[in-house]
Asks: 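This is the structure, below, for whatever I ask next.
Each chain gets a letter, A, B and so on, in the order the sequences are listed, and its residues count up from 1. All heavy atoms count here, side chains included; hydrogens, waters and symmetry mates do not.
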Protein chains: 2
Amino acid sequence: MTTRPGIDEVARLAGVSKSTVSRVLNGAPHVSSRAREAVRKAVVKLDYTPNQAARSLAGHRAHAIALVVSEPSGRVLTDPFFAGVMRGVHAELAGHRTQLVLMMSEPGDVGSYLTNGHVDGALVISLHGHDPLLSLLYDNGLPVVAGGRPLAGGPVPYVDSDNFTGAVDATQHLISLGCQRIATIAGPSDMAVGLDRLSGWRRAMSGRRADLVAYSDFTPEGGAAAMTSLLARQPDLDGVFVAADIMALGALQALHAAGRRVPDDVAVVGFDDSVPAVPPLTTVKQDVEKFGRMLTWRLLAEIEGEEGLPPTVLLPTSLVRRTSA
Amino acid sequence: MTTRPGIDEVARLAGVSKSTVSRVLNGAPHVSSRAREAVRKAVVKLDYTPNQAARSLAGHRAHAIALVVSEPSGRVLTDPFFAGVMRGVHAELAGHRTQLVLMMSEPGDVGSYLTNGHVDGALVISLHGHDPLLSLLYDNGLPVVAGGRPLAGGPVPYVDSDNFTGAVDATQHLISLGCQRIATIAGPSDMAVGLDRLSGWRRAMSGRRADLVAYSDFTPEGGAAAMTSLLARQPDLDGVFVAADIMALGALQALHAAGRRVPDDVAVVGFDDSVPAVPPLTTVKQDVEKFGRMLTWRLLAEIEGEEGLPPTVLLPTSLVRRTSA
DNA sequence: GCAAATTCTGGGAGCGCTCCCAGAAGTTTT
DNA sequence: AAAACTTCTGGGAGCGCTCCCAGAATTTGC
């Protein structure tokens, strides 16, 4: 690796000063088109890439944002939801000369790392309960956007799927199918996504018996266990709304093991449209990639200091009919 | 956000010089335990975090490594394999004060970005065909480790699962079950992982008719299509080795749609142990998290300039018996 | 005991940029 | 035509660290 060209080499080759090169690089105004062109050529010729470290140090901008996964075990990574979001984040970041730094938040020092100028902003997803991380960041003046409604409320802007409406649609579909005893496998009650989908189910079930609820944890194993216990409580249940496809996978296994046919004996509706299954799941589709893009767009806008940004963005969902219900 | 404390504030509070603080921070020798202790206390009291940008600039180290996903579409992100690897990378990075920067390699400029000092090394995974990226990086003197054997060969160190042996085991299991007409759904032929698993199948099939091969692309849809075509060619096939669970999911759907019972009519063995399915898949398990850890360990060691590092690390696999075969 | 080695410490010169400031060049107004 | 702007340009002072070097404190050898 030969020594990298510096900004002064570019300046020399282009016949201008460092300052002018810097202006061109940062798209600042007050540069003659002749100078701009000369710099452009020099940059290409030398294959020059500005040194991020120096830029950050001098410019007080990190040129990086953090994606904080607030999950001790790091389990979320396996989640197709997470993968989709990350793809969206990446897509939106393209062309912004901004790095994506990935963090897991188990160690308590994440907060101070983030508030200490290493990143220009943070995306926080998979937030549980009343995690103080969000307000810590917010109070320190770091631009933050939450992925999924934070349970704690507060002034932090967030992007979320319309989980409530999605769950209502899913449940109504089950009802319209003629199901009489409809259960639900809900997500963790310390996350808004779990609560909101459960609320949707309750809303749609109003006027009916709505006590067949099993809480679980967004894992296939958890879904299987929940299904088994539901079956024990109500052997003749004929419909179930599972608050995540990933749990539905487990539920399907449990149903199969218990000798129930899907959808003939029990109709199953999932949420996420994230995994293929046997039989193919009827599910509530959410556009996770768009989710990631909105999240990132919102954060970048905040960092740029744009005015009048919406505090909340709710993305629509849609029911996808397949075989399971 | 109040002004962050700098190294000189720490120095002042600890009653020593900047240099000494720097030494303590970097674990350099020749520091009295008294000074070390004083600095430690000051750091805690001020909640001091060193400024990465300044460290990088002055120290000629980026304190960051890149995880390069060499997949145009970014599709890999959805793959449970990728998620597991990333978890491993993260785990191994903990305590190394090193950032993980995520990159997709579609734009051609990734190479020059990487070779221009923004990262201390790179992990390249999901490499297709004879992608020139690896040698570009290697030739520029950047420490690189490939995740999965690079098809192009060359001097770049790599970490891989023992795909060949795993495939042999899977196929032999099918044979020991008494299957007579064993097919395989292979991965893409421009990736070593696809080729190696196919070789394993061929090895185990030696002496038998081994022409029931369908190539696919590590997606559920592709797996379904491959299964369908296989069924058309050989309606009475009774065993199939699918080179990835994610494809097996699709194959299972196709089998189901064609009215075949698994495992009674057709026994199915997958690879990866990455997804739950109905019926639960018999599959070749590989420890993807360990994969990520090895990858990272190898790269960090290379960056540190350790001697006598193994050019290649092969991780063992094991057959997990479940219901599908 | 003193010289020589060894461990420790502080000073200060950069790392490669950005950004402020003052001045040069060019344009419009009176 | 000079005055008053406006657009452009270069110089140079940092940003907060690391690392080299020389000097102070301490230990060891004879």
Asks: Below 4.0 angstrom from OP1 or OP2 of C:dT18, is there any side-chain N or O of A:Ser22?
Replies: yes
Asks: With heavy-atom distances below 4.5 Å as the criterion, would you say the side chains of B:Leu67 and B:Phe82 are in contact?
Replies: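 Side-chain contact under 4.5 Å: yes.
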Asks: Atom CG in A:Leu46, atom CZ in A:Arg4: separation rounded to 0.5 Å?
Replies: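 The CZ atom of A:Arg4 is 11.5 Å from CG of A:Leu46, to the nearest 0.5 Å.
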Asks: Taking atom types as modelled and ignoring hydrogens, do the side chains of A:Ser161 and A:Gln286 form a donor-acceptor contact shorter than 3.5 angstrom?
Replies: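 On atom types as modelled, these side chains qualify, holding a pair under 3.5 Å.
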Asks: Are A:Phe291 and A:Phe81 close enough that their ring centers fall under 6.0 Å?
Replies: yes
Asks: Counting side-chain heavy atoms from CB outward, which of C:dG12, C:dT9, C:dC17 is closest to B:Thr20?
Replies: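 The answer is C:dT9, which lies nearest to the side chain.
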Asks: Counting heavy atoms from C-beta on, name the nucleotide in D:dT9, C:dG10, C:dG12 closest to the side chain of A:Ser17.
Replies: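 Closest of the options to the side chain of A:Ser17: D:dT9.
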Asks: Rounded to whole Å, how long is the line connecting atom CG of B:Asp8 with atom C1' of C:dG12?
Replies: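 Going from B:Asp8 (CG) to C:dG12 (C1'), I get 13 Å.
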Asks: What nucleotide, of C:dC15, C:dG10, D:dC17, holds the atom closest to the side chain of B:Arg23?
Replies: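 So the nucleotide nearest the side chain must be C:dG10.
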Asks: Figure out the CG/C1' separation between B:Asn51 and C:dC15, and round it to whole Å.
Replies: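 So the two atoms are 13 Å apart, to the nearest Å.
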Asks: Just the rounded figure in Å: distance from P of D:dG14 to NE2 of A:His60.
Replies: 12 Å
Asks: A:Lys18 NZ to D:dC8 P: how many Å, rounded?
Replies: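 Rounding to the nearest Å, NZ of A:Lys18 and P of D:dC8 are 22 Å apart.
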Asks: Taking side chain as C-beta onward, heavy atoms only, is B:Leu123 less than 4.5 Å from B:Val89?
Replies: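 B:Leu123 vs B:Val89: side chains touch.
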Asks: Once you round it to whole Å, what is the distance between C1' of D:dG16 and CD of B:Gln52?
Replies: 12 Å
Asks: State which of C:dC17, C:dG10, D:dT18 makes the closest approach to the side chain of B:Val16.
Replies: C:dG10
Asks: May I have the distance from A:Leu57 (atom CG) to C:dT18 (atom P), rounded to whole angstrom?
Replies: 11 Å
Asks: How many whole angstroms separate atom OH of A:Tyr48 from atom P of C:dG16?
Replies: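 To the nearest whole Å, that distance equals 10 Å.
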Asks: Would you indicate which nucleotide in D:dG16, D:dC17, C:dT18 comes nearest to any side-chain atom of A:Asn26?
Replies: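 Selected nucleotide: C:dT18.
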Asks: Atom CD1 of A:Ile7 and atom P of C:dC15: how far apart are they, to the nearest Å?
Replies: 14 Å
Asks: Salt-bridged, A:Arg298 to A:Glu302, with N to O below 4.0 Å?
Replies: yes
Asks: Would you say B:Leu137 and B:Val124 make side-chain contact, with heavy atoms under 4.5 Å?
Replies: yes
Asks: What parts of residues 28-44 of chain A reach DNA chain C, counting only heavy atoms under 4.0 Å away?
Replies: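 The stretch gives none, as no residue of it lies under 4.0 Å from the strand.
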